[in-house]
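Report on the structure given below.
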Protein chains: 2
Amino acid sequence: MDGKSVAGRIHDLNDQLTASGRKAARGLLGNYPLLGLAPVAEFAEAAGVSAASIVRFVAQLGFRSYPEFQRALRDELEQRSKSPLQRGAAPEGEPSDGAFLARYLHQAQTRLADTLRHIPESEFEAVAMRLASGKGACYMMGGRFTDFLAGYFEAHMRVIRPGLRRFDGRPATRADQLLDVRAGDMAILFDVRRYDPAVADVAAVLARHRVDIVLITDEWLSPAARHARYVLPCHTQTGRAWDANGALFGVVEALIARVTEQSWSTASKRMRAVEDL
Amino acid sequence: MDGKSVAGRIHDLNDQLTASGRKAARGLLGNYPLLGLAPVAEFAEAAGVSAASIVRFVAQLGFRSYPEFQRALRDELEQRSKSPLQRGAAPEGEPSDGAFLARYLHQAQTRLADTLRHIPESEFEAVAMRLASGKGACYMMGGRFTDFLAGYFEAHMRVIRPGLRRFDGRPATRADQLLDVRAGDMAILFDVRRYDPAVADVAAVLARHRVDIVLITDEWLSPAARHARYVLPCHTQTGRAWDANGALFGVVEALIARVTEQSWSTASKRMRAVEDL
DNA sequence: TAACTTCTGTAACAGTAGTTGCATAAGCGC
DNA sequence: GCGCTTATGCAACTACTGTTACAGAAGTTA
């Protein structure tokens, strides 16, 4: 369908609508767009017209069917919550007075809270436990920006347990690196929007070798999710040019803290050994 | 139905869910609540499971039918749109029992808030402006763990402006790298507790060459602070084995966002150029 | 490894939602 | 006021959606 919003179309066609069409329009706009997501009968009831009139109204708006109309509404809703990326610099509506940092950090807090709501404690705990067990090798990999998170994570985990390996960025050497992967090993992959195909590829290979994959990704889920045993989705949306990976960082630090705590008896020894060097 | 939100129910039942149930949950939470308003087949496709599994998932959540589940989602949406203030308000946390991730992320939010209180907006703004000006070279360096933050920062800034350089970890090559530092250049240094002597050393040298130093450090201030022109102190204290660098990460992302915004006219061109490769 | 349990997808089923033809009612011009 | 046009609701129809039984896969335990 063309790019116009449903509300826009109603506005355009307003004077061409029939009497019952206008009732339908008024009903929909009065409770937009939710009423349109209800079944026809309910929409009709709420607007005070017959179901058939709703269907005709929807047809007049240029939709081939009621489901198609609903799909458009859902897309619109999704769009509204996702897209201002293209808009460029600052998100609209925000006053650009002096308090940039305050606003940004406040939003960062919200992203953490949202993330918390989306990651089940049990999933987090299972990942931590698996890491703390120290069994098998543990591979790490990230994408363009998240690779630094992988590095940060690895630098800490190395102190806590053995068997850490990080896939470097060069595709050429990847085959070598995958060479002695064994069933029962685990891998921690980072992948956020503008998903890196390399991550999904590696995930597929690892899954085939029966490696347990932990995927740390954004709220829209990397395609690698289909291969993952554990998925930790973090909120990254900012409405700005760059998404924010602060929530991923938070989860990484939480994992570091939890794993350290769980394997304290062995971890503390290793930490002391590092000190002594 | 009882008053719990669908997301809340998922959260509660998570560890009782089957594997495909969890996939469904992830899919839904990742695109909440829109995916649930789609027909079963579409939901199933998006979540990567069969339609039947979606139906079972919905049943597990306590709904008598898929339509009833959809009705609940719509009601929720309506509810939310009626009181827009409710959600954005304060970063509310969970109770401080048992739930490790909840506690940790809640503390992370507090660290962000504390950091905000300690960094003057004017200082932040000055740094952003200086970076956005694009004049002179900009050097970056971090310590044992914070080096990854430097890397993350650099990877973004490279897209926005030219003249980025990162000091690598090897002391041997450092002298070379310092060779063509010029007065008026700037440097961004990261240094947190267990302060890295190398950072302080480099800071001293840079200061002597009249390079403007931005220091991103913790609340106890790295010794490099004496050489810095701008200091951004971040809260890192956790009371655990490891301090947390999440607040530094937050400030870095805020800087990235601010600088991108300030230099949007040139930055957007560079970003597009990168895309085209 | 084998037996058992649990989960998952396929495919047939049933019900309901959306659609449409038709008769009637409402509006409009003559 | 009469006849024509257009719009509306009812009710039958169709198609698709949600549901469920079943068989096989996956995972678990002994």
Side-chain angles (χ1 to χ4, degrees), chain A residues 6 10 13-28 34-74 122-123 126 129-130 135 183-184 186 207-213 225-230, chain B residues 6 13-28 33-74:
Chain A
V6 173
I10 293 174
L13 297 180
N14 193 299
D15 37 7
Q16 296 172 49
L17 290 176
T18 69
S20 68
R22 221 160 302 162
K23 275 192 188 176
R26 200 172 303 140
L28 178 56
L34 254 58
L35 192 52
L37 296 174
V40 177
E42 197 174 320
F43 189 166
E45 162 104 46
V49 296
S50 74
S53 294
I54 295 298
V55 171
R56 294 191 190 104
F57 163 67
V58 164
Q60 249 182 321
L61 291 181
F63 297 98
R64 305 164 73 83
S65 73
Y66 192 73
E68 183 180 300
F69 159 75
Q70 291 190 310
R71 143 133 256 134
L73 285 177
R74 291 206 319 273
S122 57
E123 191 100 342
M129 208 97 91
R130 187 76 174 67
K135 285 178 190 150
M186 71 184 296
R208 213 173 305 129
H209 286 77
R210 308 229 164 269
V211 170
D212 287 337
I213 296 176
R226 58 179 303 113
H227 303 297
R229 169 132 188 202
Y230 305 101
Chain B
V6 173
L13 297 181
N14 188 279
D15 35 7
Q16 298 171 48
L17 291 177
T18 68
S20 69
R22 225 162 302 166
K23 275 193 190 177
R26 269 180 220 141
L28 177 57
L34 255 63
L35 192 53
L37 296 172
V40 176
E42 197 174 319
F43 188 164
E45 163 104 45
V49 297
S50 73
S53 295
I54 296 298
V55 172
R56 293 189 193 107
F57 164 68
V58 164
Q60 247 180 321
L61 291 181
F63 296 99
R64 305 164 74 82
S65 73
Y66 192 75
E68 182 181 302
F69 159 76
Q70 292 190 308
R71 145 133 257 134
L73 286 176
R74 292 207 316 275

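Only this structure's heavy atoms are used, side chains among them; waters, hydrogens and symmetry mates stay out. Residue numbers start from 1 in every chain, and the chains themselves are labelled A, B, ... in the order their sequence lines are given, proteins ahead of strands.
- When every heavy atom of A/A25 is checked against every heavy atom of A/I10, the shortest pair comes out as CB-CG2, 3.8 Å.
- Rounded to whole Å, atom P of C/dT20 lies 15 Å from atom OH of A/Y66.
- Under the 3.5 Å distance criterion, the side-chain polar atoms of A/Q70 are left unmatched by any main-chain donor or acceptor of A/S65.
- Rounded to whole Å, the distance from NZ on B/K23 to C1' on C/dC7 is 12 Å.
- Listed candidates were C/dG21, D/dG18, C/dT8. Nearest to the side chain of B/R56 is C/dT8.
- Checking the phosphate oxygens (OP1, OP2) of D/dT8, a side-chain nitrogen or oxygen of A/S20 falls inside 4.0 Å.
- The distance between atom CD1 of B/I54 and atom P of C/dT8, rounded to the nearest whole Å, is 11 Å.
- Side-chain nitrogen and oxygen atoms of A/S53 include none within less than 4.0 Å of the OP1 or OP2 phosphate oxygen of D/dA7.
- We find that CD of B/E45 is positioned 13 Å from P of C/dG9, with the value rounded to whole Å.
- The listed nucleotides are D/dA7, D/dG9, C/dT8; the one nearest the side chain of A/T18 is D/dA7.
- Following rounding to the nearest Å, B/F57 (CZ) and C/dC7 (P) show an atom-to-atom distance of 15 Å.
- The shortest distance between the side-chain N/O atoms of B/S50 and the OP1/OP2 oxygens of C/dT10 is not below 4.0 Å.
- Across the protein-nucleic acid pair, B/F43 atom CZ and D/dT17 atom P stand 16 Å apart, rounded to whole Å.
- The separation between B/E42 atom CD and D/dC16 atom C1' is 14 Å, rounded to whole Å.
- Between B/Q70 atom CD and D/dG18 atom C1' the separation is 10 Å, expressed in whole Å.
- Under the 30°/60° scheme for interplanar angles, the aromatic rings of A/F43 and A/Y66 are found to be tilted.
- Annotation for A/A207 and A/I213: closest pair N-CD1, 4.0 Å, computed over non-hydrogen atoms.
- Nearest-nucleotide positions on DNA chain D place B/V58 closer to the 5' end than the other of A/R229 and B/V58.
- Between A/F69 and A/F63, the angle of the ring planes goes over 60°, which puts this pair in the perpendicular group of the 30/60° scheme.
- For B/A52, the side-chain atoms get nearest to D/dT20 when compared with the rest of C/dG18, D/dT20, D/dT8.
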